[in-house]
2 protein chains.
Amino acid sequence: MTIKALNDVEIPQVCRSCSARHDGMCASLTPAELGVLATHTRHTHHRPGEALAIESDEITSYANVTDGVVKLSRVLRDGRQQLVGLQFAPDLMGRLFGTESPITAEAASEVDLCRVPKLVLETLVAGSNELKRRLLDQSLQELDEAREWMVTLGRKTAAERVASLLLLVASRTAGGSEASPVSFELPLGRGDMADFLGLTIETVSRQISKLRNEGLVTIENHRHVTVPDLAALRRRAG
Amino acid sequence: MTIKALNDVEIPQVCRSCSARHDGMCASLTPAELGVLATHTRHTHHRPGEALAIESDEITSYANVTDGVVKLSRVLRDGRQQLVGLQFAPDLMGRLFGTESPITAEAASEVDLCRVPKLVLETLVAGSNELKRRLLDQSLQELDEAREWMVTLGRKTAAERVASLLLLVASRTAGGSEASPVSFELPLGRGDMADFLGLTIETVSRQISKLRNEGLVTIENHRHVTVPDLAALRRRAG
DNA sequence: TTCCCGATTTGATCCGGATCAAGGAGTTAA
DNA sequence: TTAACTCCTTGATCCGGATCAAATCGGGAA
């Protein structure tokens, strides 16, 4: 038996190649805790556009995003919609200790979730200082990102907003690497981009064309983006 | 010795009438913990406009807002500014466990703070489950508010934004009461309102005049606001 | 392959809020 | 008292992004 095998001996099979296990919430758990957790989880797959949680619905479970991208949104009574965040693997979805979801969550791409019943996770959180600390860190991180985005929505021009979104997706999907060129797949269509940026579809499309003409990005099939110079795009993002 | 005296026997004098003690962070502490904390705190007063923390400065302490209102903001390189939040008593200011402040904090009104050295609070947090839980709750609350405001910035008209801000201030300063009429003092001038709403001073001023003409609010001395019908204002806020 | 249909791009025009400009109204200092 | 200042309001004009309206692209089904 190798040392690796010894270390892994109690790690549940389904967790071994999971991103949450390595970089997410589950990295804060002992093998024993992970074993308990794994007996309660349920893995689900979702198609783009599928609703995962509806605003003001009762919360009955949390879920780790193990693959794909989830859109978080709110709508006004008359239908105007605003995306308020994106969640990538291995983020934890769900308002901790909340009783009803303050927002709607929807699959942006093909999404895999690892769902945990509400009470199971809350019990685990109560018993683990390290987990509590990690979840506090994640929520503070999300708060920083939300405030950053408030600047984008309140004070940036249309072109700067689009550039900001491309940078956001690049940083979350093209592995934190800062080296140019990067290339990645957009998880959002033009309509969702517009709803995230507080713009219309037409304006998003025009500004993407403009960034393309300025040589800041190359785009194939509307979704595949290449950024030759990240620093230049960052300057363009305000 | 009365029962009240018995209960209060270990409560530090300065904490007895403090809002943080009753509704804020300190309500989660035992008298003993509070006693330790109080030996490390320093009370400071600040004039409107005074900087309390600067973006990317090192964090050396946290502070409970014990009176007044604090503006949180970010600025772009070219000077465009966006307020990203307001803190009222008894909120705790400061990015927990962060090493540098992600935002700038500035006194909006006359402000009283109760400052705690970074390490003292972090030690206390590490040792208190209840405190950790309360701070997690506060940060989740702030996250919800930030996302709510993203909707305001991304999708509402100028008049709706102004109405939203009046409602926000009303709910935080006129004591959670839902009964109309309410009346309160605006802690922000027109310029700060504009920076919070992603508008210009002139537009804020015009929209306030419009709301006044519609009979939704009455305003004296530019700062003192009376809302005869909260529900009507809420409808106007989108 | 061809047809179909939703997504995207592009063009023309419109309008809400920005910008530029002027005029109160309250406050502090001399 | 006036002068100088800051803050707010109101008016006139401009412009960035919304809206309305066609093309055009791309992917899936037969």
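Throughout, a chain's letter reflects where its sequence line sits, starting with A, and its residues are numbered from 1.
Among D:dA18, D:dC8, D:dT9, the nucleotide with an atom closest to any side-chain atom of B:Arg212 is D:dT9. Of the candidates C:dA18, D:dC8, D:dG17, the closest approach to any side-chain atom of B:Leu199 belongs to C:dA18.
For the pair A:His222 NE2 and C:dT10 C1', the computed distance is 12 Å after rounding to whole Å. Taking atom CZ of residue B:Arg161 and atom P of nucleotide C:dG17, one finds them 7 Å apart after rounding to whole Å. As rounded to whole Å, 15 Å separates atom C1' of D:dG16 from atom CZ of A:Arg155. Between A:Ile201 atom CD1 and C:dT10 atom C1' there is a gap of 14 Å when expressed in whole angstrom units. For the pair A:Glu220 CD and C:dT9 C1', the computed distance is 17 Å after rounding to whole Å. Atom P of nucleotide D:dT13 and atom CZ of B:Arg206 are separated by 13 Å, given to the nearest angstrom. Atom P of nucleotide D:dG17 and atom CG of B:Leu153 are separated by 15 Å, given to the nearest angstrom. Rounded to whole Å, atom C1' of D:dT10 lies 12 Å from atom CG of B:Asn213.
Judged purely by distance below 3.5 Å, without hydrogens or angles, the side chains of B:Ser139 and A:Ser139 pair a donor atom with an acceptor atom.
You won't find any donor-acceptor pair under 3.5 Å spanning the side chain of A:Arg190 and the base of C:dT10, going by distance alone. For B:Glu202 and D:dC8, a side-chain-to-base donor-acceptor distance below 3.5 Å is absent, hydrogens and geometry of angles not being considered.
Environment of CZ in B:Arg212: crowded, with over 12 heavy atoms of neighbouring residues, nucleotides or ligands closer than 6.0 Å. Counted within 6.0 Å of CG on B:Asn221, heavy atoms from surrounding residues, nucleotides or ligands total 12 or fewer; the atom is thus considered open.
One distance of note links CE of B:Met193 with CZ of B:Arg190; it measures 5.5 Å at 0.5 Å rounding.
OP1 or OP2 of C:dT9 sits under 4.0 Å from a side-chain N or O of A:Ser205.
Residue order along DNA chain D, read from the 5' end via each residue's closest nucleotide, puts B:Ser209 first among B:Ser209 and A:Asn221. Of the two residues contacting DNA chain D, namely B:Leu188 and A:Thr200, the nearest-nucleotide position lying further toward the 5' end is that of B:Leu188.
B:Ile208 comes within 4.0 angstrom of nothing in the nucleic acid, heavy atoms only.
For the pair B:Trp149 (side chain) and A:Arg147 (backbone), a donor-acceptor distance under 3.5 Å is absent.
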